[in-house]
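The basis for the numbers below is simple: all heavy atoms, side chains too, and nothing from hydrogens, waters or symmetry mates. Each chain gets a letter, A, B and so on, in the order its sequence line appears, and its residues count up from 1.
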2 protein chains.
Amino acid sequence: MSHQRDRASTRNAQTGPSGLDLPDLPEATVARLPEYLRALHGLAETGLDVVSSEELAGAAGVNSAKLRKDLSYLRSSGTRGVGYDVASLIAKIEYVLGLSQHRTVALVGVGNLGHALAGYAGFESRGFHIAALFDADPRRVGERIGGLRVHHVDELPLVVAQERISIAVIATPAQAAQSVADALVACGVTSILNFAPKVLNVPDNVDVRKVDLAIELQILSFHEHRKASLTALPSTLGGVLGQEAYGS
Amino acid sequence: MSHQRDRASTRNAQTGPSGLDLPDLPEATVARLPEYLRALHGLAETGLDVVSSEELAGAAGVNSAKLRKDLSYLRSSGTRGVGYDVASLIAKIEYVLGLSQHRTVALVGVGNLGHALAGYAGFESRGFHIAALFDADPRRVGERIGGLRVHHVDELPLVVAQERISIAVIATPAQAAQSVADALVACGVTSILNFAPKVLNVPDNVDVRKVDLAIELQILSFHEHRKASLTALPSTLGGVLGQEAYGS
DNA sequence: CACGATTTGTGCATGCCTTCACAAATGCCT
DNA sequence: AGGCATTTGTGAAGGCATGCACAAATCGTG
């Protein structure tokens, strides 16, 4: 994951009059909560109703102390000697992540990738409803994908307001991404997930997360390169460092 | 981004016998190099041949001091008072990332998302060649996508060896991901990009990077939630601590 | 050749994140 | 009822990353 811009930890812990009660979460913790949530759902399906930090941490692939500290930020309600109640922990994390209210998502750019995202079942199953599709190409407008009609981007303001869109996904080519982002911001959208390989310029109050597939591969490539150059080292080199050629 | 397991910074700075010379890069730096690379390519297209850290940092969306420090790890060859030579910086970053040698990629799972990834032009254009497609569904085997035939996963060992695959992409449903990963590891694959919403269990020498679309949305959802609860606060509230019902 | 403008490379301070290790709390068993 | 095993919650230490601020280096110009 990778963030576009690093953000400080989330300020404000006031108890609002609306009953809201958002604690002050470090950004690193926020990024892990969804992982915990998924692990919890998995455990819930197996019928488990109480889980220890050790088990849950294992399922989520993190250190158990880290998990406990993360949960402690949620005014966590684990029971010492026992563990965490699965159902109530799920509820708490979902609340904190704002998933209690169903979020509607707009998807801009129904090309190759956009098509796949529009049909991706993983969104609906995890609390997100793709409510509108957009494209700039007139030939695409009107097309139906998974029960949704593709709108022209010019209709953004109208549809965003109508459907109460809270999050937008940009899956356009790089050169279109910035203008789409501008249009979204103008419509009042304050959360963007950007798949276009381009750094977006947005006001401070707008959150952008970026997913760049090529970058992920390049990072892996680096490690491949490094591993390769290590194993290419002559065996005379005392294998002190991690990668001994043929471990027992 | 998001990593599956945090890794310490990259050890080893020996000059290998093969003329390799990989410096000791912090993981955070590695994650940013691809971004710099893309910015550089963009600048190169505009005909620019020297760039200052300030300009490049702007294009990549980072602090200029951070950029300079990152580049300094590459035994960087900037020129004081002038800037960085675009062409040679591109070459150096591509070398360090291991992009000099073309990397061949295998893609497992040609469902909804896999299909899109197989056709994604962004890979080829950035040094990655998708060389083989796999699926477990016999009905999909034999299908041709973008000039490639879909193999059955049982053929993994054969094809991986034949095509000298160095990186694999998993785009299967969650429940298939672990067994696919096991098969890949058994074939000697040591770098995996995982799109399945499942924490993979792999040996230490295997690198896994994870891209989970729902998680990205959930992180955005959190910030939406938070922003919404902030604007809902009454202006009278001067509350300092968490639990005061209605401060003085 | 010397000077001033520019820009890199980096020491340092600060803050965040991770992890260990342990006290506090809980439930069970005798 | 008391003690023991278990597990949470957290204080504290260490490591990593960020960003400022400045010295060192280079170029162009007179």
Side-chain angles (χ1 to χ4, degrees), chain A residues 1-11 23-33 35-36 40 43 48-86 88-89 92-93 219, chain B residues 1-11 23-33 35-36 40 43 48-86 88-89 92 219 242:
Chain A
M1 106 162 200
S2 26
H3 327 246
Q4 162 153 110
R5 198 161 18 88
D6 295 308
R7 254 166 267 107
S9 72
T10 310
R11 294 292 142 63
D24 191 354
L25 299 185
E27 190 62 26
T29 296
V30 174
R32 280 186 296 265
L33 288 181
E35 201 75 61
Y36 302 156
L40 283 166
L43 293 172
L48 202 60
D49 56 353
V50 168
V51 66
S52 76
S53 64
E54 202 70 48
E55 292 172 279
L56 182 53
V62 303
N63 179 297
S64 71
K66 200 191 308 195
L67 169 72
R68 287 197 297 276
K69 186 152 288 190
D70 283 342
L71 294 186
S72 78
Y73 291 118
L74 309 185
R75 318 214 198 303
S76 146
S77 46
T79 312
R80 299 184 184 205
V82 179
Y84 298 89
D85 180 75
V86 173
S88 68
L89 192 50
K92 184 160 274 179
I93 294 180
I219 295 173
Chain B
M1 132 243 170
S2 26
H3 327 247
Q4 162 153 107
R5 200 165 13 94
D6 295 309
R7 253 167 268 105
S9 71
T10 310
R11 296 292 144 63
D24 192 354
L25 299 186
E27 190 62 27
T29 296
V30 174
R32 281 188 294 266
L33 288 180
E35 200 76 60
Y36 302 155
L40 283 165
L43 293 172
L48 201 61
D49 56 353
V50 168
V51 67
S52 74
S53 63
E54 203 71 47
E55 292 172 280
L56 183 52
V62 302
N63 179 295
S64 72
K66 199 192 306 197
L67 170 71
R68 288 198 298 276
K69 187 155 291 189
D70 283 342
L71 295 185
S72 78
Y73 290 118
L74 309 184
R75 321 212 195 304
S76 144
S77 44
T79 313
R80 300 183 183 205
V82 179
Y84 298 88
D85 180 75
V86 172
S88 67
L89 192 49
K92 183 160 280 181
I219 295 173

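Rounded to whole Å, the distance from CG on B/Leu67 to P on C/dG9 is 10 Å. The nearest whole Å value for the distance from the CG atom in B/Asp70 to the P atom in C/dT10 is 13 Å. Protein atom CG of B/Leu25 is 15 Å distant from nucleotide atom C1' of D/dC16, rounded to whole Å. Distance CD (A/Glu55) to P (D/dT6): 14 Å, rounded to an integer number of Å. Rounded to a whole Å, the CD atom of A/Glu54 is 13 Å from the C1' atom of C/dC20. Rounded to an integer number of Å, the gap from A/Glu27 CD to C/dG15 P is 19 Å. The interatomic distance linking A/Arg75 (CZ) with D/dG9 (C1') rounds to 15 Å, in whole Å. To the nearest angstrom, P of C/dT14 lies 19 Å from NZ of B/Lys66.
For A/Pro26, counting side-chain heavy atoms from C-beta on, the closest listed nucleotide (C/dC17, C/dC20, C/dT8) is C/dC17. With D/dG19, C/dG9, C/dT19 as the candidates, the nucleotide lying closest to the side chain of B/Lys69 is D/dG19. Each of C/dT8, C/dT18, C/dC17 was ranked by its minimum atom distance to the side chain of A/Arg32; first place goes to C/dT18.
To the nearest 0.5 Å, atoms OH (B/Tyr84) and CG (B/Leu56) are separated by 8.5 Å. Note that CG of A/Asp70 is 11.5 Å distant from OG of A/Ser64, once rounded to the nearest 0.5 Å.
Phosphate contact (OP1/OP2 of D/dT7, side-chain N/O of A/Ser52, threshold under 4.0 Å): absent. In this model, the phosphate group of D/dA17 is not approached by any side-chain N or O of B/Asn63 to a distance below 4.0 Å at OP1 or OP2.
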### Task
Report, as a single string ordered 5' to 3', how protein heavy atoms within less than 4.0 Å touch nucleotides 23-30 of chain D: B base, S sugar-phosphate only, - not at all.
-BBBS---
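Scanning for side chain to side chain contact (heavy atoms under 4.5 Å, CB included) contacts around B/Ser72 gives B/Lys69, with sequence neighbours left out. A search for side chain to side chain contact (heavy atoms under 4.5 Å, CB included) contacts involving A/Ala59 returns A/Ala39, not counting sequence neighbours.
Backbone-only engagement by B/Ala28 is indicated by non-hydrogen atom pairs under 4.0 Å involving sugar-phosphate atoms exclusively.
The residue among A/Tyr73 and B/Arg68 whose nearest nucleotide of DNA chain C lies closer to the 5′ end is B/Arg68.
A heavy-atom distance below 4.5 Å is found between the side chains of B/Tyr36 and B/Val62.
When atom types are taken as modelled, the side chain of B/Lys66 and the backbone of B/Ala57 share no donor-acceptor pair closer than 3.5 angstrom. Side-chain N or O atoms of B/Glu55 include one that pairs as donor or acceptor with a backbone N or O of B/Ser52 at under 3.5 Å.
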